[in-house]
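To find a chain, count down the sequence lines: A is the first, B the second, and so on, and within it residues start at 1. Please read all numbers here as calculations on a predicted model, not as lab measurements.
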Number of protein chains: 2
Amino acid sequence: MEKYIPVLSRTKLFAGVAGKDIAAMLGCLQAKLRRYKKGEYVLRQGEQMHDIMLLAEGALHIQRDDYWGNRSIVSSVEAGDMFGEAYAAPDSGALLNDVVAVEDSAVIFFDSGRVLRVCSSACRFHSAVVQNLFFAVSERNRTLVQKLGHMSRRSTREKLISYLSDESKRHNSSSFFIPFNRQQLADFLSVDRSAMSSELCRMRDEGMLSFEKNHFVLK
Amino acid sequence: MEKYIPVLSRTKLFAGVAGKDIAAMLGCLQAKLRRYKKGEYVLRQGEQMHDIMLLAEGALHIQRDDYWGNRSIVSSVEAGDMFGEAYAAPDSGALLNDVVAVEDSAVIFFDSGRVLRVCSSACRFHSAVVQNLFFAVSERNRTLVQKLGHMSRRSTREKLISYLSDESKRHNSSSFFIPFNRQQLADFLSVDRSAMSSELCRMRDEGMLSFEKNHFVLK
DNA sequence: ACAAGTATGTTGTTTTTACAACGCAAAGGA
DNA sequence: TCCTTTGCGTTGTAAAAACAACATACTTGT
């Protein structure tokens, strides 16, 4: 677990906490590490899970398949991202989505009760972590609203523009990689893959952007 | 402001706090009350606002109009609901949406710094309120994911079924009122009003449900 | 190197949605 | 009461998306 201290110190959960203090807190928070192979499920829709989780390594998708096999991707999780915070409350009910490893991954689990309960003097940074947690949930909240903004666009083209503009802004660059292949991007934006593919090529031919695999450049 | 203490004691923010203690906290949290006429804007997209707000009376919509006048409704706010919590952090940036009164309303503003900072002994329930706040943001988070679920449905009919089923479950009844008229529901689900209207009538004719104005009964 | 599987683009057809226009009924104000 | 506004349903047409099917290039494992 110690090898991930540098990653942890860059996470939003431990913002402002020094590496050595993080190491001390891992015990206090009963941190547990688990590894997953590409394609493995980390969590399944319908389960109860009240831990707070950090992705130490790899990449995950938070998604859901309906009865007919239509997949809907809610978000992607990258190394250093937190997930599951919204289910920390004991009465938060069953998970609405699956969490799947799209690369070989390592996840650290924290007991949410331990995180939320103000503990003894040992962890002096504890209250900072609680506030970090609140800010992180707030930020995810804003991200979800932003995604609602993409999904509320009328046409496939508008959805693409809305999403790609956002990614460009997020990376502070007109050139960036997205965490999806075509099918996944279609599942993320809730559109048909082939229609989206055509639309992307049309936009490229009109000179709005260029791309190769999952690398995009906006013009 | 005191007349709203009964409403406040039923809010998620003050869950577990007695009415008299709430009264004491109002000063500590620098609570301010403002009234809005139907149609007035409470907040505008692009503004900075880091207060936490509670709707004491009336009804609001959180929505956004794009350049071409297409409206998208993110959520409705009912009496006793909190809003703006996602922007409590000082670095949370500008608001993404407008907040509009759809009825004459009364809003209570709390200084978020005061809420988050653990204050002097005076407010012994303060830490409970902070935890309530975290749980409330978490719950909104789950609600937003649920809304993403509605929006990701392929057809207007599926969106309606997804949304109405949810409302039915939320009210624990197959008979319930929704906080939208037809145009607003269409803006909420991001579909065309007239197409949605036809679809609703078709579903009624097939015996799936019945409705009158904003009252629905699922069969 | 080869075979099998995966990812992407392309095309044509069918289905669905968006849009525009209108009629009617109910609500609200003068 | 009358007039205006608003909300809802309906219809026909145009536009867009979904769907299915296939060609090609690229990966991966043996």
Could you check how far [atom1] of [X] sits from [atom2] of [N], rounded to whole Å?
X: B/Arg153; N: C/dT16; atom1: CZ; atom2: C1'; result: 16 Å
X: A/Gln184; N: C/dA7; atom1: CD; atom2: P; result: 8 Å
X: A/Met196; N: C/dG9; atom1: CE; atom2: P; result: 8 Å
X: A/Leu185; N: C/dT6; atom1: CG; atom2: C1'; result: 17 Å
X: A/Arg182; N: C/dG9; atom1: CZ; atom2: C1'; result: 9 Å
X: B/Glu158; N: D/dA18; atom1: CD; atom2: P; result: 11 Å
X: A/Leu200; N: C/dG9; atom1: CG; atom2: P; result: 7 Å
X: A/Gln183; N: C/dG9; atom1: CD; atom2: P; result: 12 Å

Original post:
Can you list every pair that meets ring-ring contact (aromatic ring centres under 6.0 Å, His included) and has a residue in residues 92-112 of chain A, with sequence neighbours left out?
Top reply: A/Phe14-A/Phe110
Original post:
Taking A/Met53 as the fixed residue, which of A/Val99, A/Ile108, A/Leu43 is the one that meets the side-chain contact (heavy atoms from CB on, under 4.5 Å) rule?
Top reply: A/Leu43
I'd like to check the side-chain contact (heavy atoms from CB on, under 4.5 Å) partners of [X]; sequence neighbours left out, ordered by chain and number.
X: A/Val100; answer: A/Tyr41, A/Gln63, A/Asp98
X: B/Phe211; answer: B/Arg182, B/Leu200, B/Cys201, B/Arg204, B/Leu209, B/Phe216
X: B/Ser9; answer: B/Ile22
X: A/Glu206; answer: A/Arg157, A/Arg202, A/Met208

**OP:** Summarise protein proximity over nucleotides 10-17 of chain D in one line of letters, 5' to 3': B for base, S for sugar-phosphate only, - for none, counting protein heavy atoms closer than 4.0 Å.
**Re:** BB-----S
**OP:** Sugar-phosphate atoms are those with a prime plus P, OP1 and OP2; base atoms are the rest. Using that split, label each nucleotide of nucleotides 24-30 of chain D B, S or - for protein heavy atoms under 4.0 Å, 5' to 3'.
**Re:** --SS---
**OP:** Salt-bridge test for B/Glu78 and B/Arg170: reply yes if a basic N is under 4.0 Å from a carboxylate O, no otherwise.
**Re:** yes
Original post:
Does B/Lys37 have any salt bridge (charged side-chain N to carboxylate O under 4.0 Å, His left out) partners at least two apart in sequence or in another chain, and if so, which?
Top reply: B/Asp104
Original post:
In chain order, what residues pass the salt bridge (charged side-chain N to carboxylate O under 4.0 Å, His left out) check against A/Glu158, with sequence neighbours excluded?
Top reply: none
Original post:
Reckon B/Phe180 touches a base, only the sugar-phosphate, or nothing at all at heavy-atom distances under 4.0 Å?
Top reply: nothing
All N/O donor-acceptor pairs, side-chain side in residues 147-154 of chain A, below 3.5 Å, sequence neighbours left out:
{"unit_1": "A/Lys147", "atom_1": "NZ", "unit_2": "A/Ile73", "atom_2": "O", "d": "2.7"}
{"unit_1": "A/Lys147", "atom_1": "NZ", "unit_2": "A/Val74", "atom_2": "O", "d": "3.3"}
{"unit_1": "A/Lys147", "atom_1": "NZ", "unit_2": "A/Phe188", "atom_2": "O", "d": "3.2"}
{"unit_1": "A/His150", "atom_1": "NE2", "unit_2": "A/Ser162", "atom_2": "O", "d": "3.4"}
{"unit_1": "A/His150", "atom_1": "NE2", "unit_2": "A/Asp166", "atom_2": "OD2", "d": "3.2"}
{"unit_1": "A/Ser152", "atom_1": "OG", "unit_2": "A/Leu148", "atom_2": "O", "d": "3.4"}
{"unit_1": "A/Ser152", "atom_1": "OG", "unit_2": "A/Gly149", "atom_2": "O", "d": "3.0"}
{"unit_1": "A/Arg153", "atom_1": "NH2", "unit_2": "B/Asp66", "atom_2": "OD2", "d": "2.7"}

Original post:
With B/His50, which residues qualify under ring-ring contact (aromatic ring centres under 6.0 Å, His included), at least two apart?
Top reply: none
Subject >> Terminal axis angle for the helix from C/dA1-D/dT30 to C/dA30-D/dT1, five pairs an end, nearest 10 degrees >> reply: 60°
